[in-house]
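Everything on this sheet refers to the single structure shown next.
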Amino acid sequence: MILVLEPDAPQELVESLCRDVESLGVTCEVSRGPREVIIALPPTVDSVELQKLMEERREVDVIPILTEPEYVRQRGRRKFMRSLLAGLGLLSGVAAGIPVVGFLLPPRKQLSQPNRVLGGRVWQLSRNETKLVRLRGKPVLVINDEFGNYHAVSALCTHMNVCQLEWDPSRRLLACPCHDGAFDVHGNVVAGPPPTPLQTFEVEVQGDEIYISREG
Amino acid sequence: MRSKRHGVRRTLWRAMQQPVSPRQAGMMRFVWLLILLFAVQIVTGILLSLYYQPSPESAYESVVFILRDVSFGWLLRGVHYWSAQLMIALGMLQVIRAFYAGMYKGPGRIHWYIGMLLFLSILAFALTGSLLAWDQTAYWGAVGAMEWVEAIPVVGTMMALVLRGGHQVGAATLGRFYSIHILLLPWITFYLLLAHLWLQSRIRAEQVPMTPKEK
Ligand code: HEM
Ligand code: FES
């Protein structure tokens, strides 16, 4: 067991440490080097007691010295742990590598996205009401206007391409919550900052089913 | 250039090799965990940026594309997202811990300042990153955050203008946040972490704050 101090440790500190150590009934051997001061203690010292004593002294790091059989045992354990770690590391490297390689390969461009979806049923949508559906991942509003005619327009306000329009039944308009933009049922801008009309979609009613589609 | 590189490597090497006293060990475990998560963010972030398009017309669609069409895109985006959440949680724990350890005083308080800057840069990552998905949540989040920036006395209004690139959150904001997120912040964070480790490697035992038990 050795105690290690900063190289500029004052003599009083070293002496008081030695007194502490000698209270445990062992001799205290001090050696001053250029990089640290070392206090060497015989292996018979009670390491638990010593740790306890040194915990109160913030200037000191306690470093245990092993006996030879202990060292051999520890070395074997280290070797085992190292190869275990290497194996696990390799395994997780491969496991993490598979998704990365997959990600880097060029994706099969949107393959099976239909250009036509069921937008709802006639009885789900009374007059002056709308329903939100998705066509190729984009939100589309199906509108049943006050005269019972169906329309379908993109639900994304063209101003920022982020805010989702909502039907305002009293004004009979699509209102944008972000900067008060508004569109009519045909997608034309009637108020606010949006620069362009909304994208429109075809509506077909077959029986009680409403289909939305886009060209191309 | 060469010698600078050498300095970086040496700092990292030293920090990894240095024995850590039990008093410092808890803190350092957190720091290394944060570094690991940051490395994960760099890898997944660079990969995401291959497909992500920072323009209002295509940002949201490019994210949907990553999630749906790119192999393992859902995984890499999920990892980027969750690792970001973990970084914030760890950062908070670390700040609380450093506070209770009294790191803000005494000769080692430079660690506290660097740590706080690191925490701020993590938050800035989260703020700028969360606009990138460009959906309604992201949009309103940024609007709210910018109002919050405006509330800073004296410089707030100008800061908000610079960050937003205008009076409203729009295309310019998306571009700016993207650029900050992937160009500016990674380097700032990298050098802060390096400074943290470098200081750590020269700290002396008596500068480490005492744990309550030791007191
Ligand atoms: C150093 C490199 C980084 C790069 C190159 C990078 C790149 C990106 C890219 C391209 C996106 C957009 C994709 C998406 O929204 O899913 C993104 C999103 C995001 N990033 Fe990063 N990022 C980095 C680090 C970080 C860090 C350190 C944080 C930590 C707090 C972070 C937090 C986020 C968040 C919260 C999002 C939004 C995720 C979402 O909407 O699902 N990023 N990042
Ligand atoms: S986003 Fe709709 S009005 Fe500005």
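As the structure is a prediction and not an experimental result, all values here were calculated from the model. Just so we're on the same page: letters track the sequence lines, and every chain starts at 1.
- Looking at heavy atoms from C-beta onward, F72(B) lies in side-chain contact with I98(A) at the 4.5 angstrom threshold.
- For the pair Q168(B)/C178(A), no side-chain contact is recorded, criterion being any heavy-atom separation below 4.5 Å from C-beta on.
- You'll find the side chain of S71(B) stays beyond 4.5 Å of the side chain of F103(A), heavy atoms only.
- Taking a 6.0 Å sphere around NZ of K138(A), one finds it holds 12 or fewer heavy atoms contributed by other residues, nucleotides or ligands.
- Counting heavy-atom pairs closer than 4.5 Å to chain B, the top residue among L105(A), T158(A), V100(A), V162(A) is V162(A).
- The 12-atom threshold is not exceeded at CG of D180(A), counting heavy atoms of other residues, nucleotides or ligands nearer than 6.0 Å.
- Contact annotation for I66(B): only side-chain heavy atoms (C-beta onward) come within less than 4.5 Å of a heavy atom of chain A.
- Smallest separation of non-hydrogen atoms from D69(B) and P107(A): O-CB, 3.3 Å.
- For a residue to count as touching a neighbouring chain, one of its non-hydrogen atoms must lie under 4.5 Å from one of that chain's; by this rule L47(B) touches chain A with backbone and side chain alike.
- Counting heavy-atom neighbours within 6.0 Å of Q124(A) CD, excluding the residue itself, gives a total above 12.
- In terms of non-hydrogen atom pairs under 4.5 Å with chain A, the most contact-rich of V79(B), D135(B), L76(B) is L76(B).
- When all heavy atoms of Q136(B) and P177(A) are compared, the pair lying nearest together is OE1-CG, 4.0 Å.
- Heavy-atom neighbours of W32(B) CH2 from other residues, nucleotides or ligands within 6.0 Å: above the threshold of 12.
- Here the closest non-hydrogen pair linking W134(B) and M160(A) is NE1-O, 3.1 Å.
- For chain A, the nearby part of V169(B) is the backbone; its heavy atoms alone come within less than 4.5 Å.
- Looking at V70(B), the atoms closer than 4.5 Å to chain A (heavy atoms on both sides) sit in the backbone and in the side chain alike.
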